Amino acid sequence: MLLTRKAEFSASHVCRDPALGDDENRALYGMNANPHGHGHNYVLEVTIEGDPDPITGMVFDLRELKEIINAEVVDPMDHRFLNHEVPPFDHVVPTTENIAVEIWKRLHSRIALPNARLKNVRLYETADLYVDYGGEA
Amino acid sequence: MRLTRRYRFAASHRLNSDALTPDENARLYGKCNNPFGHGHDYVLDVSVEGPVDASGQIVDRGALDALVQERVLAHVDHRNLNRDFRELQSQVATTENLAFAIERMLARDWALAARLARVRISETARNTFELETK
């Protein structure tokens, strides 16, 4: 069974590789490379796969899941400038892909029960663009 | 990793099979068989799959957008699918057939680093058709 919990956070970012010049960054990241940054209302969907616990009837405690997502993602990232305030984005370009990988890293060790594990992180940068990451290399 | 990008287009169509009689078409397709056709605001989700590259991306958004624009949107947006969209000419303009046609048009000479993974089309908010590509 799959269980999905949604969360939102608003943050600013800029996609620039410091090793590259303005033109190269513009070619690579488009308007996302504008130097002073811009923001999004990110929407995160965390999906857990597992079997309901025979005693509680739950795959994963939803209150605990909410607290984990808040502690690991929403509290540190909401209303922040990711490049300046949220490691590792001081040296990792905060593309949607890289943010999804970072969220996976923060969550997967905390969502690991004998009956349930983290299955997928879906991160919407806008309603028209999202990535799915399931921990693959 | 998989990245999904959403596009929109407005098009008209009429469902009518040459293999059926007018009565059979009317029975089978109902309002969708009305003679002059009708339209929808289609929503197209294109998913690509691959590893994250050195830039932190699995696909260049601009290149994907340009490809979808050139291969698909230019041929279907504000068009009559039965009359204007060559890829569908010999088929009933169902959204099932439209999804396969869009997949064929996208996959032809695909040159992006990430592979085409899925085509999903919503005809209305209530009807969605999804095609995983091999």
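Residue numbers start from 1 in every chain, and the chains themselves are labelled A, B, ... in the order their sequence lines are given, proteins ahead of strands. We use all heavy atoms of the structure for the numbers below, so side chains are in, but hydrogens, waters and symmetry mates are not. Remember, it's a predicted structure, so these values are computed and weren't measured experimentally.
Counted within 6.0 Å of CZ on B:Phe100, heavy atoms from surrounding residues, nucleotides or ligands total 12 or fewer; the atom is thus considered open. More than 12 heavy atoms of other shown residues, nucleotides or ligands fall within 6.0 angstrom of atom CZ in B:Arg108. The environment of CZ in B:Arg104 is crowded: more than 12 heavy-atom neighbours from other residues, nucleotides or ligands sit within 6.0 Å. The environment of CG in B:Asp18 is sparse: at most 12 heavy-atom neighbours from other residues, nucleotides or ligands sit within 6.0 Å.
Within the 4.5 angstrom heavy-atom criterion, no atom of A:Asp17 approaches chain B. Using a 4.5 Å cut-off between heavy atoms, B:Val46 makes no contact with chain A at all. Contacts between A:Ala27 and chain B at a heavy-atom distance below 4.5 Å involve the backbone alone (N, CA, C, O).
Under the side-chain contact (heavy atoms from CB on, under 4.5 Å) rule, B:Leu3 has a single partner from A:Asp132, A:Thr95, A:Leu129, which is A:Leu129. Each of A:Val121, A:Val101, A:Thr96 was compared with B:Met1 under the side-chain contact (heavy atoms from CB on, under 4.5 Å) criterion, and only A:Val101 meets it.
Among B:Val43, B:Val48, B:Asp60, B:Ile58, the residue making the largest number of heavy-atom pairs under 4.5 Å with chain A is B:Ile58.
Minimum interatomic distance between B:Gln57 and A:Leu28 (heavy atoms only, all atoms of both residues): NE2-O, 3.4 Å. Here the closest non-hydrogen pair linking B:Val52 and A:Glu97 is CG2-CB, 4.1 Å.
If you take OG1 on A:Thr126 and CZ on B:Arg5, they are separated by 6.5 Å, rounding to the nearest 0.5 Å. Interatomic distance, B:Arg2 CZ to A:Glu136 CD, rounded to the nearest 0.5 Å: 10.0 Å.
Under the 4.5 Å side-chain criterion, counting only non-hydrogen atoms from C-beta, A:Asp128 is in contact with B:Arg8.
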